[in-house]
Amino acid sequence: MEKMFKIFVYEEGEPPLFHYGSCKDIYSMEGLFMSLMEQDTRYRTWDPNEAHVYFLPFSVVMILEHLFDPIIRDKAVMERTVVDYVGIISNKYPFWNRSIGVDHFMLSCHDWGPRATWYVKELYYNSIRVLCNANTSEYFNPKKDASFPEINLVTGEITNLTAHLPPSNRSILAFFAGNLYHGKIRALVFKHWKGKDNDIQIYEKLPVGVSYSEMMKKSRFCLCPSGHEVASPRIVEAIYAECVPVIISQNYVLPFSDVLRWESFSIQVAVSEIANLKNILMGISEERYDRMVENVKKVQKHFLVNDPPKRYDVFNMIIHSVWLRRLNVRIYS
């Protein structure tokens with residue numbers, strides 16, 4: 001891949017809706033990938049005829065931020081923007097029509113990322129959709145679509161994100177802090193465990209003076225329940241803190257699951273087993289737990305953001321996911 005894969009980024013479109021995105025907050029990966037792809041010299045080609053895939057550089061986050069009126073709530077602004085853009089590049093270049101979009105990809109970390117593809121059937125059914133919200137019940141297709149992680153870069157800083165605290169110093173069995181009113185799964189976690197057991201510490205708001213990051217570093221397991229959508233930034237936060245992620249979700253295709261063995265560094269708990277959570281975690285032997293922590297440390301590099309990118313980091317993992325989905329597609333002129 002590193003030697004031959006080439007990506008053409010369509011130059012059409014003006015910032016802030018195109019070629020730009022926020023590089024901090026919960027949607028940071030959308031803007032960061034856009035920025036890194038624009039600067040890239042390894043994979044990016046300026047000659048569309050030598051490209052293997054074509055990137056559609058629209059930002060769902062920016063479209064909604066600049067065009068969507070929260071009072072009128074007219075979602076047609078997204079439809080018009082995406083439909084018009086595909087119309088422009090398909091009329092100017094032969095590549096979209098040649099493959100009916102199969103060798104094109106878009107990327108979004110917004111909850112409405114999948115919705116942005118509804119309006120062009122080839123984009124929805126044929127193109128590679130790289131999404132944080134990788135929900136199979138909403139027609140995410142892992143054979144052609146790729147899941148990538150939601151990373152909440154609160155300040156936009158990408159340095160000193162990881163922590164090192166030995167398992168022996170982790171006195172809390174499991175920890176979660178977050179909004180109760182954010183989906184049915186979280187409500188169940190609160191119902192069964194908030195204030196019920198000192199070993200499983202659940203907070204809607206942390207007490208004054210208590211640090212979220214420090215709580216993760218003191219915990220053996222970090223609970224990562226889905227909110228309104230399947231993806232959760234807590235998965236990557238747990239990995240950064242070397243806290244074994246406990247993923248509680250439904251229909252979620254985990255990021256980079258083509259190559260990462262999630263069962264080796266995380267626990268997946270069915271929604272129906274939330275009431276049995278403590279027994280599940282207590283049933284994990286020390287030997288298995290130690291192996292999982294070591295594996296969390298090993299996979300950290302795949303979730304780190306670097307500028308410029310480094311081998312095996314999150315940028316390269318996203319590129320690799322696109323590469324895998326392009327490998328078995330033959331395009332005829």
Side-chain angles (χ1 to χ4, degrees), residues 22 24-29 61 64 68 70-71 73 109-115 131-138 147 149-155 163 170-241 243-255 262 266-282:
S22 173
K24 65 179 182 179
D25 71 33
I26 199 168
Y27 302 131
S28 63
M29 279 311 302
V61 174
L64 293 172
F68 183 71
I71 298 174
R73 298 187 65 80
C109 212
H110 197 278
D111 293 351
W112 288 5
R115 178 188 287 271
L131 301 169
C132 286
N133 186 20
N135 187 342
T136 56
S137 73
E138 296 177 358
S147 173
E150 196 169 74
I151 302 177
N152 186 10
L153 297 175
V154 178
T155 65
R170 295 176 182 260
S171 57
I172 301 168
L173 177 65
F175 164 72
F176 172 79
N179 189 350
L180 162 61
Y181 303 104
H182 200 72
K184 295 178 180 179
I185 295 177
R186 283 198 195 177
L188 286 172
V189 172
F190 275 80
K191 174 186 174 182
H192 287 289
W193 294 108
K194 186 175 188 297
K196 303 289 179 66
D197 192 312
N198 287 335
D199 287 334
I200 298 182
Q201 299 198 18
I202 307 294
Y203 299 90
E204 189 168 7
K205 285 188 176 180
L206 285 170
V208 175
V210 176
S211 162
Y212 178 76
S213 60
E214 288 302 313
M215 287 293 287
M216 295 192 93
K217 293 173 191 175
K218 293 176 183 176
S219 302
R220 290 165 64 86
F221 298 96
C222 290
L223 305 186
C224 308
S226 291
H228 291 308
E229 302 295 347
V230 291
S232 170
R234 286 166 180 77
I235 296 174
V236 175
E237 289 169 351
I239 291 170
Y240 286 171
C243 179
V244 175
V246 179
I247 300 165
I248 311 172
S249 188
Q250 291 176 309
N251 308 307
Y252 182 30
V253 178
L254 290 162
W262 279 85
S266 69
I267 303 294
Q268 296 184 49
V269 174
V271 173
S272 61
E273 289 293 314
I274 289 174
N276 196 35
L277 181 61
K278 184 173 181 179
N279 289 335
I280 292 171
L281 299 182
M282 293 294 288

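- Rounding to the nearest 0.5 Å gives a distance of 5.5 Å between CE of M216 and SG of C243.
- In terms of modelled atom types and a separation under 3.5 Å, the side chain of R234 and the main chain of A177 share a donor-acceptor contact.
- At most 12 non-hydrogen atoms from other residues, nucleotides or ligands lie less than 6.0 angstrom from CG of N198.
- Take E273 and apply the side chain to side chain contact (heavy atoms under 4.5 Å, CB included) test, not counting sequence neighbours, and it matches V269, A270, N276, I280.
- Annotation: the span from I248 atom CD1 to L188 atom CG amounts to 9.5 Å, rounded to 0.5 Å.
- Using a 30° and 60° split on the angle between ring planes, Y203 and F175 fall in the tilted class, from 30° to 60°.
- The side-chain heavy atoms of S232 and S226, taken from C-beta on, include no pair separated by under 4.5 Å.
- Heavy atoms only, all atoms of each residue included: S211 and L206 are closest at C-CD1, 4.1 Å.
- Qualifying disulfide (SG to SG under 2.5 Å) partners for C224, counting only residues two or more places apart in sequence or in other chains: none.
- Looking at every heavy atom in both residues, I26 comes nearest to C109 through O-SG, 4.4 Å.
- Here the CD-CD1 distance, from Q250 to I185, works out to 5.0 Å after rounding to the nearest 0.5 Å.
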side-chain contact (heavy atoms from CB on, under 4.5 Å), that's the test. Do L223 and I202 meet it? Break it down for me.
CA-CA 9 Å; L223 305 186; I202 307 294; 3.7 Å; yes
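- The nearest pair of heavy atoms linking G113 to L131 is C-CD2, 3.9 Å.
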Stepwise side-chain contact (heavy atoms from CB on, under 4.5 Å) check, L254 with Q268
CA-CA 11 Å; L254 290 162; Q268 296 184 49; 3.5 Å; yes
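- A distance of 5.0 Å separates CG of L180 from CD of E204, quoted to the nearest 0.5 Å.
- Residues that satisfy the ring pair (Phe, Tyr, Trp, His ring centres under 6.0 Å) test with W193, not counting sequence neighbours, are absent from this structure.
- Rounded to the nearest 0.5 angstrom, K184 NZ and K191 NZ are separated by 13.0 Å.
- When the side-chain hydrogen bond (donor to acceptor under 3.5 Å, both in side chains) test is applied to K278, the partners found at least two apart in sequence or on another chain are D197, D199.
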When you look at Y252 and I235, which way does the side-chain contact (heavy atoms from CB on, under 4.5 Å) test go after all the steps?
CA-CA 12 Å; Y252 182 30; I235 296 174; 3.9 Å; yes
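- Classified by interplanar angle (parallel below 30°, tilted 30° to 60°, perpendicular above 60°), the ring pair F176/F190 is perpendicular.
- Atom OG of S22 is separated from atom CG of L153 by 9.5 Å, given to the nearest 0.5 angstrom.
- The shortest non-hydrogen separation linking P225 to R186 is CG-CG, 4.0 Å.
- Looking at residues two or more places apart in sequence or on another chain, you find no side-chain hydrogen bond (donor to acceptor under 3.5 Å, both in side chains) involving R170.
- Taking Y27 as the reference, H110 meet the ring pair (Phe, Tyr, Trp, His ring centres under 6.0 Å) condition, with sequence neighbours excluded.
- Residues I239 and P245 have side chains in contact (heavy-atom distance under 4.5 Å, counting atoms from C-beta outward).
- Of all heavy-atom pairs between E229 and D111, the closest is CG-CG, 3.3 Å.
- The minimum heavy-atom distance between N251 and S137, with the atom names listed, is ND2-CB, 3.6 Å.
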